[in-house]
Amino acid sequence: QVQLVQSGGGMVQTGGSLRLSCAASGGTLSNYAMGWFRQAPGKGRDFVGTISRSGSTYYADSVKGRFTISRDNAKNTVYLQMNSLKPEDTAVYYCAALLARLIGTYSSKVNDYSYWGQGTQVSVSA
(Lines give C-alpha, C1' and ligand atoms only; values in the text may rest on other atoms or scores of the structure.)
Protein backbone atom coordinates (compact mmCIF):
# COMPACT_ATOMS: atom_id res chain seq x y z
CA GLN A 1 0.00 0.00 0.00
CA VAL A 2 1.53 3.28 -1.07
CA GLN A 3 1.88 6.12 1.40
CA LEU A 4 2.15 9.73 0.28
CA VAL A 5 3.96 12.41 2.25
CA GLN A 6 3.65 16.02 1.16
CA SER A 7 6.04 18.89 1.72
CA GLY A 8 6.25 22.50 0.66
CA GLY A 9 3.50 25.03 0.85
CA GLY A 10 3.29 28.10 3.03
CA MET A 11 2.34 31.71 2.59
CA VAL A 12 3.18 33.95 -0.35
CA GLN A 13 2.02 37.22 -1.81
CA THR A 14 -0.02 37.54 -4.99
CA GLY A 15 2.14 36.76 -7.98
CA GLY A 16 4.52 34.57 -6.01
CA SER A 17 5.50 30.95 -6.52
CA LEU A 18 5.55 27.78 -4.48
CA ARG A 19 6.43 24.17 -5.15
CA LEU A 20 4.73 21.25 -3.48
CA SER A 21 6.27 17.81 -3.33
CA CYS A 22 4.60 14.46 -2.84
CA ALA A 23 6.89 11.56 -1.98
CA ALA A 24 5.69 7.97 -2.15
CA SER A 25 6.77 5.03 -0.04
CA GLY A 26 5.59 1.44 0.12
CA GLY A 27 5.01 1.34 -3.61
CA THR A 28 6.50 2.22 -6.97
CA LEU A 29 5.23 5.60 -8.09
CA SER A 30 5.71 4.73 -11.76
CA ASN A 31 2.72 2.39 -11.47
CA TYR A 32 0.41 5.23 -10.51
CA ALA A 33 -1.27 8.16 -12.14
CA MET A 34 -1.07 11.10 -9.77
CA GLY A 35 -3.44 13.93 -9.06
CA TRP A 36 -3.45 17.19 -7.18
CA PHE A 37 -6.58 18.55 -5.54
CA ARG A 38 -7.35 21.46 -3.28
CA GLN A 39 -9.94 22.31 -0.68
CA ALA A 40 -10.77 25.82 0.43
CA PRO A 41 -12.52 26.44 3.77
CA GLY A 42 -16.16 25.41 3.61
CA LYS A 43 -15.86 23.97 0.11
CA GLY A 44 -15.45 20.59 -1.49
CA ARG A 45 -12.24 19.07 -2.79
CA ASP A 46 -11.54 20.44 -6.27
CA PHE A 47 -9.42 19.06 -9.05
CA VAL A 48 -6.20 20.94 -9.82
CA GLY A 49 -4.30 18.70 -12.21
CA THR A 50 -3.18 15.19 -12.97
CA ILE A 51 -0.26 13.39 -14.58
CA SER A 52 -0.34 9.97 -16.16
CA ARG A 53 2.30 7.30 -15.85
CA SER A 54 3.62 8.40 -19.23
CA GLY A 55 3.89 12.03 -18.12
CA SER A 56 0.84 13.45 -19.88
CA THR A 57 -0.81 16.21 -17.90
CA TYR A 58 -4.25 17.73 -17.65
CA TYR A 59 -5.21 20.82 -15.65
CA ALA A 60 -8.25 22.60 -14.37
CA ASP A 61 -9.00 25.74 -16.35
CA SER A 62 -8.45 27.87 -13.25
CA VAL A 63 -4.76 26.91 -13.03
CA LYS A 64 -3.87 26.20 -16.64
CA GLY A 65 -0.77 28.10 -17.69
CA ARG A 66 0.20 28.85 -14.08
CA PHE A 67 0.62 25.42 -12.48
CA THR A 68 2.80 22.57 -13.69
CA ILE A 69 2.84 18.98 -12.53
CA SER A 70 5.92 16.84 -13.01
CA ARG A 71 7.12 13.50 -11.78
CA ASP A 72 10.49 11.99 -10.99
CA ASN A 73 9.95 8.26 -10.86
CA ALA A 74 13.55 7.65 -9.81
CA LYS A 75 12.87 9.69 -6.68
CA ASN A 76 9.33 8.36 -6.29
CA THR A 77 8.16 11.97 -6.13
CA VAL A 78 5.61 14.17 -7.87
CA TYR A 79 5.74 17.95 -7.89
CA LEU A 80 3.27 20.78 -8.26
CA GLN A 81 4.93 24.02 -9.34
CA MET A 82 2.62 26.96 -8.76
CA ASN A 83 3.40 30.32 -10.34
CA SER A 84 1.52 33.61 -10.53
CA LEU A 85 -0.41 32.69 -7.43
CA LYS A 86 -3.67 34.45 -6.65
CA PRO A 87 -5.63 34.80 -3.39
CA GLU A 88 -8.24 32.42 -4.79
CA ASP A 89 -5.57 29.71 -4.88
CA THR A 90 -5.59 29.68 -1.07
CA ALA A 91 -6.51 26.16 0.06
CA VAL A 92 -5.23 22.93 1.51
CA TYR A 93 -3.61 21.01 -1.32
CA TYR A 94 -3.63 17.22 -1.56
CA CYS A 95 -1.75 14.79 -3.76
CA ALA A 96 -3.35 11.49 -4.63
CA ALA A 97 -2.41 8.23 -6.35
CA LEU A 98 -4.40 6.07 -8.72
CA LEU A 99 -3.09 2.60 -9.53
CA ALA A 100 -3.15 2.60 -13.33
CA ARG A 101 -2.74 -0.42 -15.57
CA LEU A 102 -2.50 1.77 -18.66
CA ILE A 103 0.28 4.32 -18.91
CA GLY A 104 -2.04 6.93 -20.42
CA THR A 105 -4.61 6.83 -17.65
CA TYR A 106 -5.36 9.94 -15.63
CA SER A 107 -8.39 11.28 -13.84
CA SER A 108 -9.90 14.48 -12.50
CA LYS A 109 -12.29 12.64 -10.18
CA VAL A 110 -11.68 12.45 -6.44
CA ASN A 111 -13.29 9.04 -6.16
CA ASP A 112 -10.88 7.48 -8.67
CA TYR A 113 -7.94 7.95 -6.32
CA SER A 114 -7.20 5.40 -3.61
CA TYR A 115 -4.30 6.98 -1.76
CA TRP A 116 -3.97 10.50 -0.42
CA GLY A 117 -1.31 12.69 1.10
CA GLN A 118 -1.85 14.47 4.38
CA GLY A 119 -2.52 17.86 2.81
CA THR A 120 -0.52 21.07 2.97
CA GLN A 121 -1.70 24.64 3.39
CA VAL A 122 -1.09 27.23 0.69
CA SER A 123 -2.05 30.79 1.55
CA VAL A 124 -1.82 33.67 -0.91
CA SER A 125 -2.18 37.21 0.41
CA ALA A 126 -3.45 40.11 -1.66
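Side-chain contact between V124 and T14 is present, with heavy atoms from C-beta onward closer than 4.5 Å. Residues Q1 and Y115 have side chains in contact (heavy-atom distance under 4.5 Å, counting atoms from C-beta outward). Taking 4.5 Å as the limit, some side-chain heavy atom of L80 sits within range of a side-chain heavy atom of Y93. In this structure the side chain of R71 reaches within 4.5 angstrom of the side chain of L29, judged on heavy atoms.
S17 and S84 make their closest contact through OG-N, 4.3 Å (heavy atoms, listed as atom of the first residue, atom of the second, distance). Nearest heavy atoms, A24 versus V2: CB-CG2, 3.7 Å. Of all heavy-atom pairs spanning A91 and A40, the tightest one is CB-N, 3.8 Å. Taking all atoms of both residues into account, the shortest heavy-atom contact from L98 to S107 is CD1-CB, 3.7 Å. Considering all non-hydrogen atoms of both residues, N76 and G27 come closest at ND2-O, 3.0 Å.
Linking ILVMFWY side-chain heavy atoms closer than 4.5 Å, directly or via other members, places F47 and V110 in a single hydrophobic cluster. Linking Ile, Leu, Val, Met, Phe, Trp and Tyr residues whenever their side-chain heavy atoms come within less than 4.5 Å places L20 and F67 in a single cluster. Following chains of ILVMFWY side-chain contacts shorter than 4.5 Å, one cannot reach V92 starting from V78, and the two form parts of different hydrophobic clusters. Connection of I51 to V48 is established within a shared hydrophobic cluster, with ILVMFWY side chains joined at heavy-atom distances below 4.5 Å, either directly or through further cluster members. Under the 4.5 Å side-chain heavy-atom criterion for Ile, Leu, Val, Met, Phe, Trp and Tyr, L18 and W36 are members of the same hydrophobic cluster.
Taking the six-membered ring where the residue is Trp, the centroids of Y106 and Y32 are separated by 6.0 Å or more.
Within 6.0 Å of CG in L99 there are more than 12 heavy atoms belonging to other residues, nucleotides or ligands. Within 6.0 Å of CD in E88 there are more than 12 heavy atoms belonging to other residues, nucleotides or ligands.
Applying the disulfide bond (SG atoms under 2.5 Å apart) test to every pair with at least one member in residues 2-112, sequence neighbours left out, gives these pairs: C22-C95. For residues 116-126, every residue pair satisfying the side chain to side chain donor-acceptor pair (under 3.5 Å) rule, not counting sequence neighbours, is listed here: Q121-S123. Among residue pairs with one or both ends in residues 117-126, none qualify as salt bridge (Lys or Arg N to Asp or Glu O under 4.0 Å); sequence neighbours excluded. Within the structure, salt bridge (Lys or Arg N to Asp or Glu O under 4.0 Å) pairs that include any residue of residues 104-113 do not occur (at least two apart or interchain). The salt bridge (Lys or Arg N to Asp or Glu O under 4.0 Å) pairs that include a residue from residues 48-63 are D61-K64, where partners are two or more places apart or lie in different chains. Counting only residues at least two apart or on different chains, the salt bridge (Lys or Arg N to Asp or Glu O under 4.0 Å) pairs with a member in residues 19-41 are R38-D89.
Residues satisfying the ring pair (Phe, Tyr, Trp, His ring centres under 6.0 Å) criterion with Y113, sequence neighbours excluded, are F37. For the side chain to side chain donor-acceptor pair (under 3.5 Å) test, no residue two or more places apart in sequence or in another chain qualifies with S25. Here Q3 pairs with nothing under the side chain to side chain donor-acceptor pair (under 3.5 Å) rule; sequence neighbours left out. Applying the side chain to side chain donor-acceptor pair (under 3.5 Å) rule to S21 yields no partners; only residues at least two apart in sequence or on another chain are considered. A search for ring pair (Phe, Tyr, Trp, His ring centres under 6.0 Å) contacts involving Y79 returns nothing, not counting sequence neighbours. Taking S56 as the reference, nothing meets the side chain to side chain donor-acceptor pair (under 3.5 Å) condition, with sequence neighbours excluded.
In the model, S54 has a side-chain atom that pairs as donor or acceptor with a side-chain atom of S52 under 3.5 Å.
Interatomic distance, T68 OG1 to M82 CE, rounded to the nearest 0.5 Å: 11.0 Å. Rounding to the nearest 0.5 Å gives a distance of 10.0 Å between CE of M34 and CG of N73.
No donor-acceptor pair closer than 3.5 Å links the side chain of T105 to the backbone N or O of I103.
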Dump the intermediate steps for side chain to side chain contact (heavy atoms under 4.5 Å, CB included) on R66 and Y59, then the final yes or no. CA-CA 10 Å; R66 300 188 298 121; Y59 299 95; over 6 Å; no
Hey, mind stepping through T50 and T57 against side chain to side chain contact (heavy atoms under 4.5 Å, CB included) and telling me if it holds? CA-CA 6 Å; T50 179; T57 54; over 6 Å; no
